[in-house]
K.L.:
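Could you have a look at this structure, given as structure tokens, before my questions?
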Protein chains: 2
Amino acid sequence: MSTEEWIDGETKVLEAPEDHGDELRLWLRLLTCSALIESEIRRRLREEFDFTLPRFDLLAQLDKADGGMVLGEVSKRMMVSAGNITALVERLVDSGHVKRTTLSTDRRVQIISLTPFGRTAFRKMAAKHGAWIGSLFAGLSDKDRSLLMRELGKLKKSARDALRGAS
Amino acid sequence: MSTEEWIDGETKVLEAPEDHGDELRLWLRLLTCSALIESEIRRRLREEFDFTLPRFDLLAQLDKADGGMVLGEVSKRMMVSAGNITALVERLVDSGHVKRTTLSTDRRVQIISLTPFGRTAFRKMAAKHGAWIGSLFAGLSDKDRSLLMRELGKLKKSARDALRGAS
DNA sequence: AAAAACAATTTCAAGCTTAAAACGTTTTGC
DNA sequence: GCAAAACGTTTTAAGCTTGAAATTGTTTTT
């Protein structure tokens, strides 16, 4: 075996890893973690409160914002399409958790907010939700958590940067 | 302020952090990362191949398994309900990517596998898919990736352990 | 002030997802 | 051998999700 051949072999391994195997495995594991936790949260919300995760998420957005929120803002924060929000809000209004008003100065704009009933219901669920998440993450030390937080921050930035570049 | 009060205050902070704020922020960030990456992958699959992510994922499972796969196995590996698979497979059979056969020794069991067309189509998409993931993760160093992999491994274990304990 | 551009939301069609019930099929226990 | 339990899959009803087209309302141009 000549030196050239050997170096070429190494070079290929080092400089042309075009299969992205590491990244794919990492992505798959990230997805597994999300799916595992998310499906458990969905199950418990349904069993204990007869509620769905999208409904809970929307209420959570409204609980953070006082004075209500414009539909478009809800859509952006929840990272779902605008059309999605329409039906979701419709059902939450029906069930009495949310009320909607049209902005008087711009009649295109819908503002939604929690009803007192909605706020009470949300607070009750949120307390349990926090405990569930707590128990699912209980196997991680403080160090693990802060490490994970930091690394996910880097990933978020990496993905956002890639999106900016692509669009 | 008495010593008792002061210690009690500290103790509360150290031993009774019942709001789970850290864990919730971590969970939210994990979700943000998944959603960001997943929606981009969905978008590109649709734009470049007119394909959906669930269809791609199912093909990926079949590509890994040679000799086909039992429906129940597909369902478990994809972490989706059995009823979901039925319609998904139906559409993939219609589009010619997948073929299905009934196991002769147990007529309850359906085995599905890639058609040659399906395999070709999948391989083409998978190559692109790998590159997309690669670019979305490009901002992470090797060190970051291995760290993230390890920490997500711990999270996976933590969540699974919590699930075992709860059920 | 028309006309055109832009904006926020809704509607629509298609597909995904779930839990629960139903349907055949196979295995188990007696 | 046969009833009952277990199993793998499909069906069903309800809700979620999307992108694109349509609707309605506002602002900008001309």
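Both backbone and side-chain heavy atoms feed into the values below; hydrogens, waters and symmetry mates do not. In what follows, chains carry the letters A, B, and so on, assigned in the order in which the sequence lines appear, proteins first and then strands, with residues in each chain numbered from 1.
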K.L.:
Apply side chain to side chain donor-acceptor pair (under 3.5 Å) to Thr102(B) and Arg108(B), showing your working.
P.N.:
CA-CA 7 Å; Thr102(B) 301; Arg108(B) 292 171 303 182; over 6 Å; no
K.L.:
Do Arg119(A)'s NZ or CZ and the ring of Phe122(A) fall within the cation-pi criteria of under 6.0 Å and 45°?
P.N.:
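No, a cation-pi geometry is absent between Arg119(A) and Phe122(A).
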K.L.:
Among the candidates dG25(D), dT18(C), dT9(D), find the nucleotide nearest to the side-chain atoms of Asn84(B).
P.N.:
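My answer, after comparing the listed nucleotides, is dT18(C).
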K.L.:
Less than 4.0 Å between a side-chain N and a carboxylate O, is that true for Asp161(A) and Arg164(A)?
P.N.:
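Salt bridge flag = no for Asp161(A) with Arg164(A).
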K.L.:
Over how many whole Å does the gap from Leu71(B) atom CG to dT11(D) atom P extend?
P.N.:
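Nearest whole value for this atom pair: 12 Å.
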K.L.:
Nearest whole angstrom, please: distance from the P of dC16(D) to the CD1 of Ile41(A).
P.N.:
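These atoms are roughly 17 Å apart.
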K.L.:
Which of the following nucleotides, dT18(D), dT26(D), dT18(C), is nearest to the side chain of Asp106(A)?
P.N.:
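From the listed options, dT26(D) comes nearest.
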K.L.:
Taking the side chain of Arg107(A) as heavy atoms from C-beta outward, which of dT18(C), dT26(D), dT9(C) is closest to it?
P.N.:
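Selected nucleotide: dT26(D).
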K.L.:
Taking only side-chain nitrogens and oxygens of Arg46(A), does any of them come within less than 4.0 Å of OP1 or OP2 of dT18(C)?
P.N.:
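It does not, given that no N or O in the side chain of Arg46(A) lies less than 4.0 Å from OP1 or OP2 of dT18(C).
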K.L.:
Mapping Arg108(A) and Leu88(A) to their closest nucleotides on DNA chain D, which lands nearer the 5' end?
P.N.:
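Whichever sits nearer the 5' end wins; that is Leu88(A).
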K.L.:
Reading DNA chain D from 5' onward, which residue's closest nucleotide shows up sooner: Arg42(A) or Gly83(B)?
P.N.:
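The residue mapped nearer the 5' terminus is Gly83(B).
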K.L.:
What nucleotide, of dG8(D), dT10(C), dT25(C), holds the atom closest to the side chain of Val109(B)?
P.N.:
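Among the listed nucleotides, the one closest to the side chain of Val109(B) is dG8(D).
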K.L.:
Looking at Arg77(B), I'd like to know if its CZ atom is crowded, meaning that more than 12 non-hydrogen atoms belonging to other residues, nucleotides or ligands lie closer than 6.0 Å.
P.N.:
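Check fails, neighbour count at 12 or below.
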K.L.:
What is the distance, to the nearest angstrom, from the CG atom on Leu45(B) to the P atom on dG15(C)?
P.N.:
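From Leu45(B) CG to dG15(C) P: 16 Å.
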K.L.:
From the list dA19(C), dT26(C), dC16(C), which nucleotide is the closest neighbour of the side chain of Arg55(B)?
P.N.:
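From the listed options, dC16(C) comes nearest.
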K.L.:
Side chain of Arg100(B) only, please: which of dT9(C), dC16(C), dT9(D) is the nearest?
P.N.:
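Nucleotide nearest to Arg100(B)'s side chain: dT9(D).
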K.L.:
Looking only at side-chain atoms of Thr52(B), point me to the closest of dT9(C), dC16(C), dG8(D).
P.N.:
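Closest nucleotide among those given: dC16(C).
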